Amino acid sequence: MTETQTPSRCGYVAIVGRPNVGKSTLLNHMLGQKVSITSRKPQTTRNNVQGIKTEGPNQIIFVDTPGLHQGQKKAINRYMNQAATTAIKDVDVVVFIVDRLVWTDEDEMVAQRLENLSCPIILAINKVDKVEQKESLLPHLQALGERFPTAEIIPLSALKNTNLDRLEQLLVERLPEGVHFYPDDQLTDRSSRFMAAEMVREKITRQLGDELPYQMAVEIEEFKDDGRVLHISALVLVERDGQKRILIGERGERIKQIGQQARLDMEKLFEQKVMLKLWVKVKSGWSDDSRALRSLGYDDV
Ligand code: GDP
Ligand code: MG
């Protein structure tokens, strides 16, 4: 018997970058299943969501972060920055995502926070599907390479699944040897209730875009499996009457659409038939109130 077994590996990978570079998209596409919500609107992700990918001997625990951004005025912004900063402290590898050649003050802010990290960094140049002349990336790649001399740089498209297998390989090589922390079929550390609330929040964000700022939260009031159907009731909290009217739409058309789309996502995720009820309620001033945030499950504000 000369055959040696491949040792098992397991570790944490933080996905960081300013809002809207494609962190949540990358996580979902690496997993092949939606665990983190995405939209064109920045700051869609509010919490650190862990997505778990197990392939044979390797288990990667991805931590999707809300995205470090400027603006500390509101309690929820402070919370989001804190969540992103905590996520990069104790991980084995960091994936720093940037959007093609774009470099903003917020990218710079993220870069500065990464400079003193001791763990390996992989620099992912995302959205290359939108770059027509790939050579135009070269000077940018070189400058980033000088700034982060030990980092591996990889161009990719999270949306089109380009180079994601290569990224996975780079990550696995950098994981410590050890036993898996989660069962091999587990996809996320988040509860089903949390996931259900996120599905509703995603549809609202996508439907309303700029009409509704992110002063909106979703609370799951009922989550009951009767063996045949999953009964879910969700309460959508907004800050003003006007927002409530917009969200409900004429003759309730909008909220109905939101409900239908969210239900389809839930059925995919839970692999079960879902009955979803949505209510909209005005609760003024919650996005500025640490205590109210905590009661909605945004901890550590
Ligand atoms: P996050 O804020 O960093 O989590 O960004 P999201 O994952 O929510 O993505 C923000 C927007 O960029 C969404 O509209 C995505 O569809 C889009 N996006 C993400 N990755 C790619 C990509 O590789 N190519 C293109 N064209 N769009 C992308
Ligand atoms: Mg996100």
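Each ligand, and each atom within it, is numbered from 1 in the order the structure gives. Numbering starts at 1 and runs along the sequence shown. Values below: every heavy atom of this structure, side chains too, minus hydrogens, waters and symmetry copies. The structure displayed is predicted, hence computed values, not measured ones.
By the 4.0 Å heavy-atom criterion, Gly17 is excluded from the residues contacting ligand 1.
Taking a 4.5 Å side-chain heavy-atom cut-off between Ile, Leu, Val, Met, Phe, Trp and Tyr, the cluster of Val102 contains only that residue.
Here Lys277 does not pair with Glu222 in a salt bridge; the nearest charged N to carboxylate O distance is not below 4.0 Å. Using a 4.0 Å cut-off between a side-chain N of Lys or Arg and a carboxylate O of Asp or Glu, Arg190 and Glu198 do not qualify as a salt bridge.
Hydrophobic clustering (ILVMFWY, side-chain heavy atoms < 4.5 Å, transitive): Leu264 and Leu230 are in distinct clusters. Hydrophobic cluster membership is shared by Leu117 and Val110, with clusters built from Ile, Leu, Val, Met, Phe, Trp and Tyr side chains linked at under 4.5 angstrom. Under the 4.5 Å side-chain heavy-atom criterion for Ile, Leu, Val, Met, Phe, Trp and Tyr, Val179 and Ile61 are members of distinct hydrophobic clusters.
For ligand 1, the atoms closer than 4.0 angstrom to any heavy atom of Lys130 are 26 (N). When each atom of ligand 1 is checked for a heavy atom of Ser24 under 4.0 Å away, the hits are 4 (O), 7 (O).
No N or O atom of Pro19 sits closer than 3.5 Å to an N or O atom of ligand 1. Checking only distances, Lys23 does come within under 3.5 Å of ligand 1, N or O to N or O. Polar contact with ligand 1: present for Gly22 (N/O pair, distance under 3.5 Å).
Every ring pair (Phe, Tyr, Trp, His ring centres under 6.0 Å) that Phe270 has, sequence neighbours left out, goes to Phe223.
Here Asn126 has side-chain heavy atoms under 4.0 Å from ligand 1, and that is the only part of it that gets that close. Under 4.0 angstrom from ligand 1, the non-hydrogen atoms of Asp129 all belong to its side chain.
Across Arg206, Lys127, Arg100, Lys160, heavy-atom proximity to atom 12 (O) of ligand 1 is greatest for Lys127.
At a cut-off of 2.8 Å, Thr25 does not coordinate the Mg ion (ligand 2) through any N, O or S atom.
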